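Written out below as C-alpha cells is the structure these notes cover.
Positions are given from 1, in the same order as the sequence printed here. On a predicted model such as this, the values are computed, not experimentally measured, just so you know.
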Amino acid sequence: MVYRLFRAYLRSVHDLFFYRKVYRVGAENIPPDGTPVLIVSNHQNCLNDPLAVILSFRDRKPGAIVRADVFAVHPLIDKFLRKLGLLPAYRLDFEGEESLGKNREIFNVSEEALVNGRTILMYPEGGHQDKRWLGDFSLGYAKMAFEAAELDGFRTEIFILPACNHYSDYFDIQKDVLVKFGTPVSIKPYYELYKSKPRTAQRQVNVIVREQIAGMMLNITDLDHYGAIDFLRETYGWKYAAEHGYRAAYLPDKLLSDRAFFEALNGAKSEDEAFVRQIYVDALRLRDELAGLNIRDGQFDRVPGRGMIAASAVALLVLLPAWILSLWPNIIIYKAPLLVTRRMKDRMFQNSFLFGMSVLITIPVLYALTFFVARMYVHIAVAAAYVLLLPYLGLFAWYYRKYAVRTLQDMRFRRAVADGTDKISGLRTLRAAIHERLSKILK
C-alpha cells in the first residue's frame, strides 16, 4: 500500500506537473504480466528515462539496472532508486575494475527475477548520451537474458522488448516526453545456437534489438554536423512537418517528421555534400547570432504588432500580484536543485536531480510547512485546499514567467525592426536563403 501511494504521488508529479504531456505509444506490445520480459531502451536523460518507462506500468513493478554513479549522488537518491526497483550497474570506465565484481550479484538477482516472470529494464549503451543518437550496445543484456533461460534448462520463453525515450526538450520542465514500445523479440529460437555458440547467439539477438530501437527513435548519426541539424530540426522542421502531413505539435508525429527530415538531409548530402555542408555552416551562424541578440527564429514569421505587445504588457501588469503570490514555495522548489546541478559537469543530470530532489525533499517539506503555517490562521479545510492548489499555482508562475520573457523578446524584436537594424535585416536574408536551399533539396 505504501509503495502504491508513493508511486501514485510520483506519477502525478511526473505526468501532470513536471511534464506538459506524456505520450506512451505501443503499450499493446507489452507482453502480459507474469511473462519474463527484458526491456531494452536507448538512454538520453539519466534518471528520467527509467522513470518514464517504469511509470508506464500501473499493475506491475518493473526492476531496472542503471548506471551506478546515479546512486552515488546522495544517500536519499540511492534509497529512492532502490525503492523504485532500480539497481546499480558498475562500469569499468567509470567506477573502476575493483567495482565490477558487484555486478555478478546484481545480475544473479535480476536473472532469477526474470525467469520467474518479472519485468527488467536495461540500458545497453552503458551511459546516457547527450544528443539524439544511438550509441554502441554492450552485450550484457543479451547475456543476462540467455543466462536467465539457462537457469531452468531453457524451458521458459524469455522476451526482449525494444523501447525508446524521446523528449521535446531535455533541460526544462513542462515539456513533452514520449515512451515508445516496439515488437517483443523472443530469444527462444536462439536457445540451441546459444548452447554451442553463446556469443554468436547474443550478437544475432543484439542486431535485431538495436535495429528496432534505432528505427523507433531520432538517431542523428551525422555527429559532425549535429548542432546544425538539430537547429534546423527545431526551426525549419516545423515547416517540413506541415508540408508533409505531420502534426508538429503532437510529439509522436514530430518524432516521425524529424526522422524523415534527417533522412532527407542525409540523402541530399550524399548527392551534393558541398551544398549541404554550406547550409550547415550558415545554419550555425544564424543560430549563434540569434542567441547573441536573444531573439527567437520564429519571430521572423510573425512580427508582433504594437497592439498585441501593449495588450500582453497590460495583462502581465494586471496578473503581477497573482504571480508574486504564486512564487511560494514554488520558486524554492525549482531553484534549490540548481544550486547543486550548476556544479555538475554533465548537464544531463539536471532534470533528473530537479525531479528527484523535488519529490523527495522540497515538495513534501515545503508543502507541509505551508500547511502548518496556514493552519494557524485559517480553518484546516481551507489550509488543505490551499496546499492542494500550490502545484497549479506553480504552473501559473512558470507560464507567467515564460509569457513575460516572450513579450520582452517581442518588444526588442519589434524595436529592432522599426529602427531598420542592419543586423536583423541581414539575419532575415540569411534565414530566407537557408530556407530556399532546403526547399530545393527536401522533396
Side-chain angles (χ1 to χ4, degrees), residues 9 12-22 167-177 249 290-291 293-299 302-342 350-351 353-416:
Y9 162 62
S12 64
V13 175
H14 183 274
D15 288 12
L16 300 179
F17 302 107
F18 197 80
Y19 289 104
R20 181 179 60 182
K21 180 69 176 177
V22 178
Y167 300 82
S168 61
D169 188 283
Y170 292 132
F171 306 111
D172 223 337
I173 65 172
Q174 281 298 289
K175 299 298 182 179
D176 296 348
V177 59
L290 287 174
L293 294 172
N294 195 21
I295 59 177
R296 306 184 313 276
D297 176 86
Q299 288 176 295
R302 182 188 62 83
V303 179
R306 291 189 182 90
M308 180 171 290
I309 292 176
S312 297
V314 170
L316 288 168
L317 187 61
V318 170
L319 293 172
L320 181 60
W323 177 68
I324 294 173
L325 289 173
S326 70
L327 291 178
W328 173 264
N330 297 297
I331 190 170
I332 300 176
I333 292 171
Y334 181 72
K335 290 291 187 179
L338 297 180
L339 299 175
V340 178
T341 57
R342 282 173 184 160
Q350 181 175 310
N351 254 19
F353 194 82
L354 172 59
F355 183 84
M357 184 172 176
S358 298
V359 297
L360 291 178
I361 303 174
T362 52
I363 289 178
V365 170
L366 293 175
Y367 278 28
L369 176 63
T370 301
F371 173 76
F372 286 117
V373 172
R375 177 67 186 88
M376 296 168 59
Y377 300 97
V378 298
H379 190 274
I380 187 171
V382 177
Y386 175 59
V387 170
L388 291 174
L389 191 62
L390 286 179
Y392 297 96
L393 291 174
L395 290 182
F396 169 78
W398 173 259
Y399 282 105
Y400 179 96
R401 176 188 173 278
K402 187 176 180 180
Y403 190 65
V405 169
R406 178 159 294 196
T407 300
L408 289 173
Q409 287 179 330
D410 286 345
M411 293 172 64
R412 188 163 44 246
F413 186 78
R414 175 79 191 183
R415 186 163 51 249

Return each pair, listed once, that meets side chain to side chain donor-acceptor pair (under 3.5 Å) where at least one residue sits in residues 306-322; pairs must be two or more places apart or across chains.
S312-Y403
For the pair F355 and H14, evaluate side chain to side chain contact (heavy atoms under 4.5 Å, CB included) and give the outcome as yes or no after the intermediate values.
CA-CA 8 Å; F355 183 84; H14 183 274; 3.9 Å; yes
Here the pair of heavy atoms bringing A313 nearest to T407 is N-CG2, 4.5 Å
Quick one: CG on L16 to NZ on K21, what's the gap to the nearest 0.5 Å?
10.0 Å
Applying salt bridge (Lys or Arg N to Asp or Glu O under 4.0 Å), name anything that partners D172, two or more places apart in sequence or on another chain.
none
Correct closest heavy-atom pair for R412 and L293 would be NE-O, 3.8 Å
Please name the pair of heavy atoms, one in F371 and one in A384, separated by the smallest distance, quoted to 0.1 Å.
CE1-N, 3.7 Å
Locate the shortest heavy-atom distance separating A336 from M357; write the atom from each residue and the value.
CB-CE, 4.0 Å
Criterion side chain to side chain contact (heavy atoms under 4.5 Å, CB included) on M308 and R414, from CA distance to verdict:
CA-CA 11 Å; M308 180 171 290; R414 175 79 191 183; over 6 Å; no
Pairwise side chain to side chain donor-acceptor pair (under 3.5 Å) hits with a residue in residues 362-390, at least two apart:
W328-T370
State the CD1-CG distance between I295 and L408, to the nearest 0.5 angstrom.
14.0 Å
Relative to the ring of F17, is the ring of Y392 parallel (under 30°), tilted (30 to 60°) or perpendicular (over 60°)?
perpendicular
Sorted by chain and residue number, the side-chain hydrogen bond (donor to acceptor under 3.5 Å, both in side chains) partners of Y9 (sequence neighbours excluded) come out as none
Residue from V13, I363, L366, I173 passing side chain to side chain contact (heavy atoms under 4.5 Å, CB included) with S358
I363
Just how far is it from atom CD1 of I332 to atom CG of L327, taken to the nearest 0.5 Å?
10.0 Å
Measuring from atom CZ of R406 to atom CZ of F413, what distance do you get when rounded to the nearest 0.5 angstrom?
13.0 Å
Who passes salt bridge (Lys or Arg N to Asp or Glu O under 4.0 Å) against R20, sequence neighbours left out?
D176
Among W398, F18, Y19, whose side chain to side chain contact (heavy atoms under 4.5 Å, CB included) with Q174 holds?
W398
Short question: side chain of N351, backbone of Y170 - any donor-acceptor pair under 3.5 Å?
yes
Side chain to side chain contact (heavy atoms under 4.5 Å, CB included) between L319 and F396: does it pass, once the steps are laid out?
CA-CA 10 Å; L319 293 172; F396 169 78; 4.3 Å; yes
With sequence neighbours left out, write down each residue that passes side-chain hydrogen bond (donor to acceptor under 3.5 Å, both in side chains) with Y334, or none if nothing qualifies.
none
What pair of heavy atoms forms the shortest contact from V387 to P391, and how long is it?
O-CD, 3.6 Å
Main chain of Q409, side chain of Q299: is a donor-acceptor contact present, judged purely on distance under 3.5 Å?
yes
Candidate pair L325 and L393, rule side chain to side chain contact (heavy atoms under 4.5 Å, CB included), full reasoning
CA-CA 9 Å; L325 289 173; L393 291 174; over 6 Å; no
